[in-house]
Amino acid sequence: MIKRVSKLVQSKWFEHNQHKTKYPYNQHGYYIVHDKVPAKNSKVTVVTPVFNAEKFIKKTIDSVLNQSLGIDNIQYILVDDKSTDSTRDILIDYSARFEQIIAVFLASNTGTPGKPRNIGIELCKSDYITFLDADDWLESTGLETLYQILEETGDDYVVGKTIQVENKKTKTIGEHESCKERRSVAPFSIPHICHHLGPRARMIRTSGIKNHHIRFPEMKFAEDKQFFIDVLIHSQSLSTTREPIYYLNRLNNAQTRLTNQTNIIHKTDCNLKVIDYILNKDLAMDKKKVILNRLYEFDSINRLFKTPHFEKTSLKPLYYRKFNQVLKTTKNLEYEFSEEFFQPTNKVAFTLLQNKQYKDLEALIGWDKNEKVKKVMIKENLPYTVVPLKEGNEQSIRLPMYAEAVRDFFEEDQYILQFKVYGDHIHDICDIFIQKWDDAHVEFSLPVKVDSEGTGYLVIDLIQLSGIPQGNYSIFLRYKDYMKVNIRKNEQTKLQQHFNGREFTFFQTGYSNVALKTH
C-alpha cells in the first residue's frame with residue numbers, strides 16, 4: 001500500500017479554488033483528496049488519467065458509477081495531471097460524495113498519461129484493473145462482462161468491443177479483438193493482436209502487472225503501445241468477447257486529445273523508442289514478428305505516409321529521413337520483416353521507399369486514397385490490381401481476396417446472390433457479415449456456401465431482415481474470423497422487393513459493392 005508520508009515537498013501545495021485551502025503534496029509529488037486510503041474489498045479498479053477534462057469528465061465518471069457490477073465493487077482512481085480548468089473542483093465534489101472515488105492531484109504537469117496511470121497501478125487494491133480515458137465512457141454492463149469472463153476462465157487478460165462515437169455515426173474499432181467469443185487462447189494466436197494497443201475495453205489481472213513490474217513509459221505518445229505489448233508478452237492466456245464495453249469519444253474533443261497535440265515526427269521518435277525497447281528484449285521469434293509488424297507496417301508506413309498530413313505537407317523529405325531512421329533498426333533482424341506485412345500496398349510502398357522512388361510512392365498513396373473503384377484483373381485464377389505510377393509506369397499488386405457478383409435476383413421472398421471468389425483464403429470463408437453504415441450496434445451474420453472453385457451463393461429470406469432498423473447496410477464476405485472483403489457489383493442495377501409492409505433494395509454503392517437499403 002502506498003500511504004501519504006510525512007516527508008513533504010514543502011514548496012508545492014494544492015490550493016482548492018473554492019475554499020482557498022492549501023494542502024501539501026507528498027514526496028512522490030501528488031496529493032490524495034480527502035486523504036482517502038484505497039479500499040481493499042473492491043473487485044475491479046478503474047484508472048483514469050485526467051487533464052483539463054471539464055467538458056466530458058462527468059459523463060465518464062457517471063458511466064463508472066452506473067455499472068451493473070455495482071459501485072461498491074469498484075475502486076475508481078482518477079489522477080489529475082495539474083488541470084487548469086474546473087476539473088479539480090469536479091473531482092473534489094465526486095470524491096466527497098462517493099467513498100469509492102479516489103481523486104489524486106499531481107503537483108506538476110507531466111504531459112503524459114503514463115505517470116498518472118502508473119500511480120493508479122500503485123494504488124490499485126483490486127484483483128483486476130482497467131483503464132478509462134477522461135473523455136470516454138463505459139457500457140453499463142462493461143465491467144461486469146469483463147470481470148465475469150476473467151473469474152470463469154482464470155485468464156490474465158480479456159478484451160471486448162470498442163465503439164467509436166462520431167458526430168453522425170458509430171463504428172467498431174479493432175474488430176479482430178471482438179469478432180467472436182474466444183476463451184483461454186494464446187495471445188499471439190490472434191492475427192493483428194498488436195494492431196490496437198490503446199487502453200480501451202480491456203481488463204487485466206493486477207498481479208500480472210505488478211509481479212512483472214509492467215509500467216507505462218512516461219512518453220507523450222506510444223506509452224500505451226509499449227505497456228500493452230508487455231502485458232501480452234506476459235499473459236499466458238486471454239479471452240475476447242463480442243459484447244460492447246467501451247465508447248471512444250470522437251465527437252468534439254480533437255483539440256484536447258494529447259495525441260492530436262503531438263506532431264507526426266515526434267510520434268515517430270516515440271515509436272523508435274518502442275522499437276528499440278522490443279529489439280532489446282529476448283523474445284521468441286513468433287512473438288517478435290507479430291510485435292514488430294505492428295511497429296514497422298502499421299506505425300512506420302500506414303501512420304507515417306498514408307495520412308492527410310503527409311499528403312499536404314511541403315516537408316516530405318523530412319518524412320523520408322525519419323523513415324530511414326526506422327529502416328536502420330531492421331539491419332540486424334533475422335528475417336525479412338516486409339514479408340510479414342498484411343496489406344499488399346504496404347509491400348509495394350516499402351520497396352519504393354527502400355529504392356528512394358519517392359515520386360512513385362506519392363503516386364501510389366494518391367491512387368490508394370482517390371481511386372474509389374480500383375481495377376482488378378484475374379490471372380491464373382488469382383486477383384491483381386494495377387497501380388499507375390509516374391512516367392507511365394505501372395505496378396501490379398496481388399490481392400489476398402476478391403469477390404465479384406455474377407448475378408442476383410429475387411425468387412418469391414428470397415434474395416439470391418451468386419458470386420465468384422478469387423484469392424488465398426477461399427477455404428477460410430466464415431459467413432456473410434451485414435453491418436449498418438452508421439451504427440456499430442446493428443450487425444449480424446448469415447451462412448454462405450462457397451465451393452472449392454470459389455463459386456458462392458448467398459440466400460436471404462426477407463423474413464430474416466424484417467426486424468432490422470431502416471437504413472443502409474454494407475455486405476461483406478468474412479474470412480479468417482474477422483477479415484472482410486466486399487462483393488463487387490459491376491452493374492448499376494437495383495433489385496427491390498416489398499415484404500411485410502417494408503421495402504428492401506439491393507444496390508450498387510459508389511464503390512461498386514453490393515449493399516442493402518431498408519425502408
Side-chain angles (χ1 to χ4, degrees), residues 1-2 32-50 53 56-80 90-104 116-117 119-163 165 177-178 181 183 199-210 231 238-249 441:
M1 178 188 300
I2 292 182
I32 299 178
V33 175
H34 303 306
D35 204 22
K36 287 186 178 180
V37 177
K40 295 182 179 180
N41 59 351
S42 55
K43 294 178 178 178
V44 174
T45 293
V46 181
V47 176
T48 295
V50 187
F56 303 104
I57 192 62
K58 290 182 180 180
K59 181 171 184 175
T60 303
I61 296 173
D62 288 344
S63 78
V64 176
L65 292 173
N66 295 324
Q67 286 295 299
S68 61
L69 185 64
I71 187 58
D72 290 341
N73 295 313
I74 300 169
Q75 178 194 33
Y76 191 15
I77 302 171
L78 299 105
V79 184
D80 181 81
I90 295 170
L91 296 184
I92 288 169
D93 175 62
Y94 273 99
S95 178
R97 291 190 289 124
F98 298 95
E99 181 182 352
Q100 295 79 9
I101 292 181
I102 299 170
V104 181
R117 289 185 186 134
I119 291 172
I121 292 171
E122 297 299 330
L123 295 175
C124 171
K125 296 300 176 184
S126 309
D127 288 338
Y128 307 109
I129 189 169
T130 187
F131 300 93
L132 173 64
D133 281 351
D135 48 1
D136 302 334
W137 60 94
L138 296 172
E139 174 72 30
S140 62
T141 56
L143 294 184
E144 183 177 17
T145 297
L146 299 182
Y147 171 80
Q148 291 293 349
I149 291 172
L150 290 180
E151 283 286 285
E152 291 166 6
T153 62
D155 288 340
D156 302 304
Y157 189 25
V158 61
V159 187
K161 180 179 290 187
T162 295
I163 295 176
V165 181
E177 296 178 327
S178 60
E181 297 290 334
R183 294 294 181 269
R200 73 291 173 289
R202 54 203 69 215
M203 189 177 288
I204 311 156
R205 192 173 296 276
T206 308
S207 59
I209 297 176
K210 294 194 174 184
V231 171
L238 64 76
S239 292
T240 69
T241 178
R242 298 179 66 247
E243 294 299 317
I245 305 295
Y246 192 107
Y247 292 90
L248 184 65
N249 179 9
H441 295 89

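Numbering of residues begins at 1 and proceeds along the displayed sequence. Computed from heavy atoms alone, side chains included, the values below leave out hydrogens, waters and symmetry copies.
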Review point. Side chains of Asp155 and Ser239: do they bring a donor and an acceptor to under 3.5 Å?
Key: yes
Check your understanding: Do Glu243 and Thr145 have side-chain N/O donor and acceptor atoms under 3.5 Å apart?
Key -> no
Point to revise | Whether Ser63 side chain and Leu138 backbone form a donor-acceptor pair below 3.5 Å | key: yes
Exercise for review: Check whether any side-chain heavy atom of Phe131 lies under 4.5 Å from a side-chain heavy atom of Thr48, and answer yes or no.
Suggested key: no
Practice item. Look at the side chain of Arg200 and the backbone N and O of Lys161, then say whether any donor-acceptor pair between them is shorter than 3.5 Å. Key: no
Check your understanding: For Thr130 and Val47, what are the C-alpha separation, side-chain angles and deciding distance, and is it a side-chain contact (heavy atoms from CB on, under 4.5 Å)?
Key -> CA-CA 6 Å; Thr130 187; Val47 176; over 6 Å; no
**Study point:** Between CG on residue Asp127 and CG on residue Leu150, distance to nearest 0.5 Å
**Key:** 10.0 Å
Review point. Hey, does Asn66 have a side-chain heavy atom less than 4.5 Å from the side chain of Ser140?
Key: no
Check your understanding: Does Arg117 pair with Asp133 as a salt bridge, N-O distance under 4.0 Å?
Key -> yes
**Study point:** Thr60 side chain vs Ala134 backbone, donor-acceptor pair below 3.5 Å
**Key:** yes
**Study point:** Close side-chain approach of Ile77 to Val46, heavy-atom, < 4.5 Å
**Key:** no
Review point. Any side-chain heavy atom of Leu143 within less than 4.5 Å of one from Asn73?
Key: no
Review point. CG/Leu146 to CG/Leu69 distance, rounded to the nearest 0.5 angstrom?
Key: 10.0 Å
**Study point:** Side-chain heavy atoms of Ile245 within contact of Thr162, under 4.5 Å
**Key:** no
**Study point:** Asn249 side chain to Asp135 backbone, donor-acceptor under 3.5 Å
**Key:** yes
Exercise for review: Any chance you could measure Ile101, atom CD1, to Ile92, atom CD1, to the nearest 0.5 Å?
Suggested key: 13.0 Å
Point to revise | Side-chain touch Ile209/Ile204, heavy atoms, less than 4.5 angstrom | key: yes
Revision key, fill the gap. Rounded to the nearest 0.5 Å, the CD1 atom of Ile149 sits from the CD atom of Glu151 at a distance of 11.5 Å
Check your understanding: Can you check whether Lys125's main-chain N or O pairs, donor with acceptor, with Gln75's side chain at less than 3.5 Å?
Key -> yes
Point to revise | Other residues, nucleotides, ligands: >12 heavy atoms within 6.0 Å of Lys58 NZ | key: no
Practice item. Indicate yes or no: does Arg202 engage Glu177 in a salt bridge with an N to O separation below 4.0 Å. Key: yes
Practice item. Evaluate the side-chain proximity of Val33 to Leu91: yes if any heavy-atom separation is below 4.5 Å, no if none is. Key: no
**Study point:** Ionic contact status for Arg97 with Asp93, cut-off 4.0 Å
**Key:** yes
Practice item. With side-chain contact (heavy atoms from CB on, under 4.5 Å) as the test, would you mind laying out the steps for Ser95 and Lys36 before giving the verdict? Key: CA-CA 9 Å; Ser95 178; Lys36 287 186 178 180; 3.4 Å; yes
Practice item. Rounded to the nearest 0.5 Å, what's the gap from OH on Tyr94 to OH on Tyr76? Could you check? Key: 9.5 Å
Practice item. Hey, could you give me the OG/CE distance between Ser126 and Met203, rounded to the nearest 0.5 Å? Key: 9.5 Å
Point to revise | Under 3.5 Å: donor-acceptor pair, side chain of Lys43, backbone of Asp72 | key: no
Point to revise | Side chains of Thr206 and Tyr128, donor plus acceptor under 3.5 Å | key: no
**Study point:** Any side-chain heavy-atom pair of Leu132 and Val64 under 4.5 Å
**Key:** yes
Practice item. Verify whether one side chain among Glu139 and Tyr246 offers a donor that lies under 3.5 Å from an acceptor in the other. Key: no
